[in-house]
Each structure stands twice: as structure tokens, then as C-alpha cells.
Amino acid sequence: MSKKALSFLMVLMVAMLFTNCSEYYKIQKSGDYMMKYQKAKDYYDYEDYYHAKALLDDVVNVLRGTDKAEEAQMLYAYCHYKMHDFTMAAYYFEAFYKTYPYSTKSEDAYFMNAQCYYKDSPRVDLDQTCSQKAIDAMQVYLNKYPQGEHINEAENVIAEMREKLEQKSFMTAKLYFKLGEYQSATITLKNCLKEYPDSRHREELMYMIVKSNFLLAENSIESKRAERYQNTVTEYYSFIDEYPESQYVLEIENMYKQSVDKIKK
């Protein structure tokens with residue numbers, strides 16, 4: 001493209017931008033709420049969610065009680081979702097299905113409310129409140145719509161979020177272990193195992209439980225050592241019964257023998 005043609009195209013784009021902005025401000029200042037609503041829908045269709053939401057800000061409350069209310073409320077929630085404001089989107093999707101429980105759009109609102117929490121779920125090392133909310137909300141959706149349109153998606157989200165929560169629990173327990181906080185590690189490791197009995201980390205969790213108990217005993221005052229060595233022995237039997245061929249066998253057998261010797265003294 002020649003420089004002259006490129007310059008003309010840029011001028012044309014700037015002119016269109018100013019025209020669009022001028023049109024938008026005229027619409028925004030108008031007192032014709034139905035016209036504003038229609039233009040909000042047009043902006044939404046053109047994927048201009050910012051201007052669609054801005055116009056809906058003015059008309060959503062005005063349209064309550066009219067035949068446009070449901071559609072406007074749903075569009076408003078979707079504008080927030082499309083703009084990645086998942087916290088507010090979740091709020092408005094929930095407000096929709098509470099306000100219009102018998103609407104044909106309620107199923108979509110239930111699912112999208114849960115989807116917002118899923119989208120807001122952070123990386124695994126951060127707080128997982130939204131991950132748990134996504135699980136809970138998706139389960140509510142499945143319970144309410146057992147033959148619903150989004151069943152597979154909901155089940156996949158639940159599985160993915162449970163995996164993330166399990167990984168978070170495992171990482172937290174492992175951190176206590178690495179920091180030498182063996183009492184906290186033991187409690188957290190056992191809780192992780194109890195909550196996720198089929199964890200892919202099960203063998204490592206059980207190994208760390210044995211080792212945490214042993215190291216806790218080693219670093220305890222005299223009056224508490226016997227009990228904690230006995231806990232090591234108990235956890236050793238649980239481990240060896242389940243993983244007799246484990247890579248950790250030699251190490252935990254050594255801890256077991258030391259614990260037994262210390263108990264006898």
C-alpha cells in the first residue's frame with residue numbers, strides 16, 4: 001500500500017471514530033430510553049461492550065416491569081462478562097435467576113454465574129475461594145438442571161477445580177514440610193489425604209506423613225518423644241501395607257527401626 005493510500009485510510013478511520021463518538025454522545029444524552037436500549041443492543045452485536053454497558057447503565061432500572069426487562073438484565077450481565085469483569089457479572093447473573101426464576105433464560109444465568117467463578121479462578125498458588133465457588137455453583141446448576149444444556153461443561157469445570165484445590169492443598173502441606181513445621185505438616189498432610197483419598201499424590205503424602213512424624217519426634221522434648229515415635233510406627237505400617245514396593249521403602253524402614261529402638265529405651 002502506498003503512503004498516500006495509507007494516509008487516506010488513516011484519515012478515514014479517524015473521521016469514522018469521531019463520527020461514532022459524536023453519535024454515541026448524542027445517544028447518551030437522549031431521554032429516549034427505548035432508543036438507548038436498541039443502540040445498546042447494536043453496540044453489543046458489534047462487540048463494543050464498553051458502550052453497550054454504558055447505555056445499559058442508564059436504562060436497566062427504567063425497563064424494570066416492562067417486556068424488555070429480562071432481556072436487558074441478561075444483556076447487562078453479559079456485558080460485564082465480555083469485559084472480563086467476572087465479579088460483577090457473577091452478581092448480575094445471580095440477580096437475574098433470583099428475579100426471574102421461571103424465565104427461559106434462568107438455566108443460562110445459573111450456568112454463567114458458575115462460569116464467572118471459574119473464569120476468576122487464579123493460578124494454583126493463590127487463594128482458591130473462587131475455585132470452590134465455581135464447584136459449588138456448577139453443582140447447583142447440575143442439581144437444578146440434571147438434563148441441562150451445559151452438563152458436560154459443568155462436570156468438566158468441577159473436575160478441573162477439584163484438581164486445582166487438591167494441588168493447592170498438596171502444595172500447602174509440602175511447604176510446611178519443607179519449612180520444618182512438622183506438626184503443621186502432619187495435620188495438613190492428613191487433611192489433604194482425607195479430603196482427596198484418590199489423590200495422584202497419595203503415595204508421596206503418606207511418605208511425608210511418616211517422615212513428618214519421625215522428624216517431629218526427633219525434635220521434640222523428652223516427654224513427647226515416645227508418643228511421636230509411636231505415631232511414626234503406626235504411619236509406617238499404613239504406608240508399607242499400601243505401598244510395599246515404593247521407592248521410599250528403604251528410607252521409611254530406617255525411620256521405623258530408629259523409632260522402635262527409641263521407644264524401647
Contact between Asp85 and Thr87 at the side-chain level, heavy atoms closer than 4.5 Å - yes or no? yes
Between Ser131 and Gln128 the two heavy atoms that sit nearest each other are OG-OE1, 2.5 Å
What are the two closest heavy atoms between Thr232 and Asn213, and how far apart are they? OG1-C, 3.2 Å
Going from CG on Asn156 to CE on Met138, what distance comes out if it is rounded to the nearest 0.5 angstrom? 9.5 Å
Just jot down the salt bridge (Lys or Arg N to Asp or Glu O under 4.0 Å) partners of Lys133, sequence neighbours excluded, or say none. none
Is there a path of hydrophobic side-chain contacts, each under 4.5 Å between heavy atoms, that joins Tyr176 and Leu189? no
Parallel, tilted or perpendicular, judged at 30° and 60°: which one describes the rings of Phe111 and His150? parallel
For side-chain contact (heavy atoms from CB on, under 4.5 Å), just list the numbers for Phe96 and Met112, CA-CA rounded to whole Å, side-chain angles, deciding distance to a tenth of an Å, and then say yes or no. CA-CA 11 Å; Phe96 181 91; Met112 290 305 300; over 6 Å; no
For atom OH of Tyr243, decide whether the heavy atoms of other residues, nucleotides or ligands shown that lie under 6.0 angstrom number more than 12. yes
Hey, are the side chains of Val249 and Ser246 touching, using non-hydrogen atoms and a 4.5 Å cut-off? yes
Would the distance check show the side chain of Asp120 and the main-chain N or O of Cys116 forming a donor-acceptor pair, the cut-off being under 3.5 Å? no
Phe93 and Tyr97 aromatic centres sub-6.0 Å: no
Taking the side chain as everything from C-beta on, heavy atoms only, tell me whether Leu142 gets closer than 4.5 Å to Ile158. yes
Aromatic plane relationship, Tyr256 with Tyr237 - under 30° parallel, 30 to 60° tilted, over 60° perpendicular: perpendicular
Shared-cluster residues of Leu175, by chain and number - hydrophobic side chains joined below 4.5 Å: Leu179
Roughly how far apart are Leu165 CG and Cys192 SG, rounded to 0.5 Å? 10.5 Å
Decide yes or no for Phe214 and Lys211: does some side-chain heavy atom of the first lie under 4.5 Å from some side-chain heavy atom of the second? no
Could you check whether any side-chain heavy atom of Gln132 comes within less than 4.5 Å of a side-chain heavy atom of Tyr117, counting everything from C-beta outward? no
State plainly whether one hydrophobic cluster holds both Tyr46 and Leu56, where clusters connect Ile, Leu, Val, Met, Phe, Trp and Tyr through side-chain heavy atoms under 4.5 angstrom apart. no
In one Ile/Leu/Val/Met/Phe/Trp/Tyr side-chain cluster, 4.5 Å: Phe177, Tyr196: no
Short question: side chain of Arg202, backbone of Leu193 - any donor-acceptor pair under 3.5 Å? no
Can you establish whether the number of heavy atoms outside Glu149 located under 6.0 Å from its atom CD is more than 12? no
Mind checking the CD1-NZ spacing from Ile252 to Lys257? Nearest 0.5 Å is all I need. 11.5 Å
Do Tyr145 and Ser106 have side chains that get closer than 4.5 Å, going by heavy atoms? yes
Taking transitive links into account, so neighbours of neighbours count too, which hydrophobic residues share a cluster with Met171 at under 4.5 Å side-chain distance? Val124
Joint hydrophobic cluster, Ile240 plus Tyr229, side-chain heavy atoms closer than 4.5 Å: yes
Measuring from Leu55:CG to Gln38:CD, what's the distance to the nearest 0.5 Å? 11.5 Å
Arg228 and Asn231 side chains, donor-acceptor separation under 3.5 Å: no
Should Ser259 and Tyr236 be marked as a side-chain contact (heavy atoms from CB on, under 4.5 Å) after you check the CA-CA gap, both sets of side-chain angles, and the distance that decides it? CA-CA 10 Å; Ser259 297; Tyr236 162 80; over 6 Å; no
Would you say that more than 12 heavy atoms from the other residues, nucleotides or ligands in this model lie under 6.0 Å from the NZ of Lys262, or not? yes
If you look only at distance, which donor and acceptor atoms sit under 3.5 Å apart when one is on a side chain in residues 68-77 and the other is two or more places apart or in another chain?
unit_1	atom_1	unit_2	atom_2	d
Glu70	OE1	Ser103	OG	2.7
Glu71	OE1	Tyr37	OH	2.6
Tyr76	OH	Asp57	OD1	2.4

So, does Thr188 use its side chain to make a donor-acceptor pair with the main chain of Ala173 at under 3.5 Å? no
Between Leu205 and Ser199 the two heavy atoms that sit nearest each other are CD1-OG, 4.1 Å
What's the separation between atom CG in Asp58 and atom NZ in Lys36, rounded to the nearest 0.5 Å? 4.0 Å
Less than 4.5 Å apart, side chain to side chain, heavy atoms only: is that true for Lys224 and Leu216? no
Is the side chain of Asn113 donor-acceptor paired with the backbone N or O of Ala109 at a distance under 3.5 Å, no angle test? no
What pairs of residues pass the salt bridge (Lys or Arg N to Asp or Glu O under 4.0 Å) test when at least one of them lies in residues 153-181, not counting sequence neighbours? Glu163-Arg200, Lys174-Glu204
Of the options Gln230, Met208, Lys190, which is the one that meets Glu235 in a side-chain contact (heavy atoms from CB on, under 4.5 Å)? Lys190
List the residues meeting side chain to side chain contact (heavy atoms under 4.5 Å, CB included) with Leu126, not counting sequence neighbours, and say none if there are none. Pro122, Arg123
Surrounding CZ of Phe170 (heavy atoms of other residues, nucleotides or ligands, distance under 6.0 Å), is the total greater than 12? yes
Take Tyr141 and Tyr110, measure what ring-ring contact (aromatic ring centres under 6.0 Å, His included) needs, and give me the verdict at the end. CA-CA 6 Å; Tyr141 169 79; Tyr110 270 98; 7.6 Å; no
Run the numbers on Gln167 and His201 for side-chain contact (heavy atoms from CB on, under 4.5 Å), then give the verdict. CA-CA 9 Å; Gln167 187 64 20; His201 302 294; 2.9 Å; yes
Run Tyr248 and Met206 through side-chain contact (heavy atoms from CB on, under 4.5 Å) and show every step you take. CA-CA 10 Å; Tyr248 303 115; Met206 292 184 71; over 6 Å; no
Are Glu195 and Asn191 close enough that a side-chain donor and a side-chain acceptor fall under 3.5 Å? no
Quick check: is Ile187 connected to Tyr207 through a chain of hydrophobic side chains (ILVMFWY, heavy atoms under 4.5 Å apart)? no
Specify whether Tyr78 and Tyr44 have parallel, tilted or perpendicular ring planes, treating 30° as the upper limit for parallel and 60° as the lower limit for perpendicular. perpendicular
Going by heavy atoms in the side chains, are Met83 and Met88 under 4.5 Å from each other? no
